[in-house]
Amino acid sequence: MTTTPTTTTGRVLLVGGGPGDPGLLTIAGRDALAVADVVVTDRLAPLAAIVEHAPQAEVVHVGKIPRGDFTPQERINELLVEHALAGRTVVRLKGGDGYLFGRGGEEWQACAAAGVPVEVVPGVSSAFAVPALAGIPVTHRGLSQGVVVVSGHVAPEDPRSEVDWAALATSRLTIVVLMGVATLGSIARALVAAGMPADTPAACVADGASPQQRSVRAPLSGIAAAADEGDFAPPAITVIGDVVAALDPVAPAGP
């Protein structure tokens with residue numbers, strides 16, 4: 001008797017890979033890679049971890065390069081669903097945490113709508129890890145009681161911007177800007193115009209959690225120029241607030 005093969009739906013694991021150093025991938029993320037049939041990965045994910053923990057997997061690169069090649073998000077969603085419906089275990093590997101400007105929520109929705117089982121493995125967020133690696137705590141007793149993480153993808157004057165920069169300027173919170181290299185000058189001007197002191201400490205950190213990591217510090221009014229002079233390019237994170245100088249050496253007390 002001839003039987004019809006049964007097709008079993010696979011699953012999708014949305015894995016945050018951390019800020020780039022494979023050592024900052026969580027144990028849960030490592031275990032997810034170990035069972036993957038397919039890894040759909042961004043360019044900022046820890047690619048060395050794929051080689052080490054998922055040598056058996058088919059690797060699909062869907063990275064988005066600023067002002068360069070990119071895979072539309074809709075196509076990424078389709079790839080996840082297609083491979084899972086073919087019975088495969090799919091790991092969607094992202095840099096940082098997929099739910100912080102990583103569009104992981106959209107991928108969850110696409111899988112759920114297609115009836116594909118989907119799980120989330122949170123990752124170490126670059127918004128906090130990269131400043132820490134550069135010697136900057138995003139909160140510090142006596143300096144900052146909170147932190148806000150915002151996208152700098154569009155400039156404050158752009159009608160698409162949804163960030164209330166004027167409110168942030170007087171919030172006394174640490175501001176962490178992701179995806180803001182190109183708009184850094186506009187952001188600084190908007191904050192100063194809204195009342196933030198021009199000499200507020202600021203820092204820009206490029207290629208965080210990698211051997212190429214480098215940073216520059218300057219007053220808010222000069223941070224964009226300092227980043228330009230250093231030829232900083234994405235990926236880079238900017239921190240604005242008194243915490244930038246929190247761990248600087250303390251001058252010895254006088255006699």
Side-chain angles (χ1 to χ4, degrees), residues 19-20 66-67 96-97 100-102 124-210 212-255:
R67 294 175 294 281
D97 184 279
L100 182 62
F101 302 134
V124 175
S125 174
S126 60
F128 303 144
V130 168
L133 292 170
I136 301 170
V138 293
T139 64
H140 191 78
R141 187 159 62 97
L143 293 178
S144 175
Q145 294 183 351
V147 55
V148 59
V149 182
V150 294
S151 168
H153 182 65
V154 294
E157 66 272 15
D158 192 305
R160 296 172 296 166
S161 176
E162 300 175 351
V163 178
D164 189 341
W165 293 101
L168 294 182
T170 57
S171 68
R172 302 183 67 184
L173 300 175
T174 302
I175 302 172
V176 176
V177 183
L178 305 185
M179 301 176 290
V181 175
T183 59
L184 190 51
S186 295
I187 289 171
R189 287 190 294 272
L191 290 170
V192 171
M196 179 172 280
D199 62 354
T200 299
C204 190
V205 187
D207 298 314
S210 78
Q212 293 75 41
Q213 177 176 309
R214 56 201 180 99
S215 63
V216 64
R217 300 188 184 195
L220 175 60
S221 59
I223 190 62
D228 285 343
E229 290 172 7
D231 198 25
F232 277 45
I237 290 174
T238 301
V239 185
I240 302 168
D242 290 338
V243 295
V244 169
L247 303 187
D248 286 352
V250 178

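Everything numeric here is computed off the predicted structure, so don't read it as measured data. Along the sequence shown, residues are numbered consecutively beginning with 1. No hydrogens, no waters, no symmetry mates; every other heavy atom, side chains included, goes into these values.
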Could you tell me the separation between the [atom1] atom of [X] and the [atom2] atom of [Y], rounded to the nearest 0.5 Å?
X	Y	atom1	atom2	result
Ile240	Leu191	CD1	CG	5.5 Å
Met196	Leu168	CE	CG	7.5 Å
Ser144	Asp242	OG	CG	8.5 Å
Leu100	Leu178	CG	CG	6.0 Å

Of all heavy-atom pairs linking Gln213 and Gly208, the shortest is OE1-CA, 3.4 Å

Please find the pair of heavy atoms, one from Leu143 and one from Ala246, that lie closest to each other, and give the distance.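 What the structure gives for the nearest pair is CD1-CB, 3.6 Å.
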
Taking side chain to side chain donor-acceptor pair (under 3.5 Å) as the definition, give me every residue that meets it alongside Ser126, ordered by chain and number, with sequence neighbours left out.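 None.
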
Under 3.5 Å, which donor-acceptor pairs link side chains of residues 127-139 to any protein atom two or more places apart or in another chain?
none

Is there side-chain contact between Ile175 and Val239, with at least one heavy-atom pair below 4.5 Å?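 No, too far: nothing below the 4.5 Å cut-off.
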
Asp248 side chain reached by Arg217 side chain, heavy atoms, under 4.5 Å: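 Answer yes - side chains close enough.
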
Run the side-chain donor-acceptor check on residues 221-238: report pairs under 3.5 Å with partners two or more places apart or on a different chain.
unit_1	atom_1	unit_2	atom_2	d
Ser221	OG	Ala198	O	3.4

Could you list the donor-acceptor pairs under 3.5 angstrom formed by side chains in residues 149-164, with sequence neighbours left out?
unit_1	atom_1	unit_2	atom_2	d
Ser151	OG	His153	N	3.1
Glu157	OE2	Ser186	OG	3.2
Asp158	OD1	Arg160	N	2.8
Asp158	OD1	Arg160	NE	3.1
Asp158	OD2	Arg160	NE	3.4
Asp158	OD2	Arg160	NH2	2.9
Asp164	OD1	Ala166	N	3.4
Asp164	OD1	Ala167	N	3.0

Among all residues two or more places apart in sequence or in another chain, which pass the side-chain contact (heavy atoms from CB on, under 4.5 Å) test with Ser210? Asp207, Gln212

Is it the case that atom CZ in Arg214 sees more than 12 heavy atoms from other parts of the structure closer than 6.0 Å? yes

What's the verdict on side-chain contact (heavy atoms from CB on, under 4.5 Å) for Thr174 and Val148, showing C-alpha distance, side-chain angles and the deciding distance? CA-CA 6 Å; Thr174 302; Val148 59; over 6 Å; no

If a pair satisfies side-chain hydrogen bond (donor to acceptor under 3.5 Å, both in side chains) and one of its residues is in residues 196-205, list it, with sequence neighbours excluded. none

